[in-house]
Amino acid sequence: MISDYLNKLVYSRGGRVLAHVVFWWLSLAFLMVFFARISSDYGFSLRFACLMLPVAMGTTYFINYSLVPKYLLTRNYGKFGLYFVYTLIVSMYFQMWVIALTYISIAEYNYEKLGPVAGDFIFQPVGLYSIVLLGVALKLLRLWMKAERERAELKSASLEAALKLKEAELQLLKGQIHPHFLFNTLNNLYGLALEKSDVLPDSILRLSELLDFLLYRSNKSLVPLADEIKLMRDYIALEELRFEERLRLELDIQANGNDCSIAPFLLFPFVENAFKHGFMQDDQQLFLSISIQTKGERLYLAVTNSFSENERGTGQLGGVGLSNVRKRLELLYPGSHELRIENDEQHFIVNLEIDLKSKGDAGSDS
């Protein structure tokens, strides 16, 4: 809070005026002490410093508000250097007038009353131009700080816009996943209803659990891995009812589901894709192998499913589900996942490795 107040004070109009007043009062005190080093007459040094101060002020303000913005900030260094030298020459001319005025008004045309500092043409410019260079340096420092502040604000605004865009894209992808999932599941239940299957009530119960996950838990940025695995088990159970003996399932889960968290509906599309695009022909023997393992906070998923030559020809093995999950992985786990999708003559193979730690503290509701 104190730093915010100081920033507002420094960059406000009143704060800048106050800073200028303080700077020139301190400069006057410096010149008086500096000139008094030659002559211990502080009264004369103060009057001489008062006459020299307008020269320092004019030189400093001309450089800061004319030469710096016109030439230095536009990187026209040649003209800046040239006009800077001209400015110093002109300021030296005014110094001569100050010395003459000192001789007339303070010394009353008496050279013996003229302090030694007024006649030292090397010593007194050192004090004067020390003030000028300090004023220019402070101006450049303030411009640099302002540029850094604006750059930080622009970066913050860009990051905020990127985060909002990321969140919007994630919500859009999740919105595409949910209808896709529901359409497939309801089609399965419709088939069971036509067959008047005795397992229909159990299937509806499993669907209700899936909907509970969909409506109430999928809106979280992270869910326990155990919930994601249960979602996959329930879905597989529904599909097993449809395929019965024609499906050979190998399920190997060695995961600390309660110790790890993952983005919801991230693993599910790989299983759904196997049933939707890999098992399009119901009259053949089907094979599905799913392996889920965790080692520390790294997750390893392997899904292998059979497919026929007819499915290879459709060009649909990837499906919209895998296209979406690729995008979600890039958004949620950038640089901390590896996804490999390939196929041989009879199998479609997915291997996914995720560093779950990269999303460690993001488990709040979105």
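Being a predicted model, the structure only gives us computed values, none of them experimental.
Rounded to the nearest 0.5 angstrom, T294 OG1 and Q254 CD are separated by 9.0 Å. Rounding to the nearest 0.5 angstrom, the gap separating the CG atom in N273 from the CD1 atom in I341 is 8.0 Å. Interatomic distance, R75 CZ to L73 CG, rounded to the nearest 0.5 Å: 10.0 Å. Note that CG of L189 and CZ of R206 are 12.0 Å apart. Values are rounded to the nearest 0.5 Å. With rounding to the nearest 0.5 angstrom, the CG atom of L31 is 8.5 Å from the OG atom of S130.
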Salt bridge (Lys or Arg N to Asp or Glu O under 4.0 Å) between R340 and E338, worked out: CA-CA 7 Å; R340 299 185 303 277; E338 182 179 356; 3.0 Å; yes

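Residue L288 is tested with L251, N305, T304 for a side-chain contact (heavy atoms from CB on, under 4.5 Å); the sole match is N305.
Taking all atoms of both residues into account, the shortest heavy-atom contact from I63 to P69 is O-CD, 4.5 Å. Of all non-hydrogen atoms in L266 and Y333, the two that sit nearest each other are CD2-CE1, 3.5 Å. Nearest heavy-atom pair, F348 versus V350, reported as atom, atom and distance to 0.1 Å: CE2-CG2, 3.8 Å. Minimum heavy-atom separation, H20 to Y61: ND1-OH, 2.7 Å. The heavy-atom pair separating L67 from F80 by the smallest distance is O-CD1, 3.7 Å. A pairwise comparison of heavy atoms in L225 and A255 identifies CD2-CB, 4.0 Å as the closest pair.
The closest side-chain heavy-atom distance from K70 to N76 is not below 4.5 Å. V132 is not listed as a side-chain neighbour of V55, based on a closest heavy-atom distance of 4.5 Å or more. Put simply, the side chain of L352 reaches to within 4.5 Å of the side chain of L267, judged on heavy atoms. Counting only heavy atoms from C-beta outward, the side chains of V68 and L143 approach each other to under 4.5 Å. Residues T59 and L128 have side chains not in contact (no heavy-atom distance under 4.5 Å, counting atoms from C-beta outward). You'll find the side chain of I89 stays beyond 4.5 Å of the side chain of Y93, heavy atoms only. Side-chain contact check for M52 versus I131: every heavy-atom pair is 4.5 Å or farther apart. Side-chain contact between F270 and M232 is absent, with no heavy-atom pair separated by less than 4.5 Å.
Follow the hydrophobic side-chain contacts under 4.5 Å out from L207 and you never reach Y190; the two are in separate clusters. I354 and I349 are assigned to two separate hydrophobic clusters, defined by single-linkage of ILVMFWY side chains at heavy-atom distances under 4.5 Å.
Counting only distance, with no hydrogens or angles, the side chain of E228 and the backbone of F265 share a donor-acceptor pair below 3.5 Å. No donor-acceptor distance shorter than 3.5 angstrom exists from the side chain of Y300 to the backbone of K295, with no hydrogens or angles considered. Judged purely by atom type and a 3.5 angstrom limit, T74 uses its side chain to pair as donor or acceptor with the backbone of Y71.
Using bins of under 30°, 30° to 60° and over 60° for the plane-to-plane angle, the ring pair F287/H347 lands in the perpendicular bin.
Under 4.0 Å is where a charged nitrogen must lie from a carboxylate oxygen, and between E330 and R326 no such pair does.
Judged by distance alone, the side chains of S91 and Y129 do bring a donor and an acceptor atom under 3.5 Å apart.
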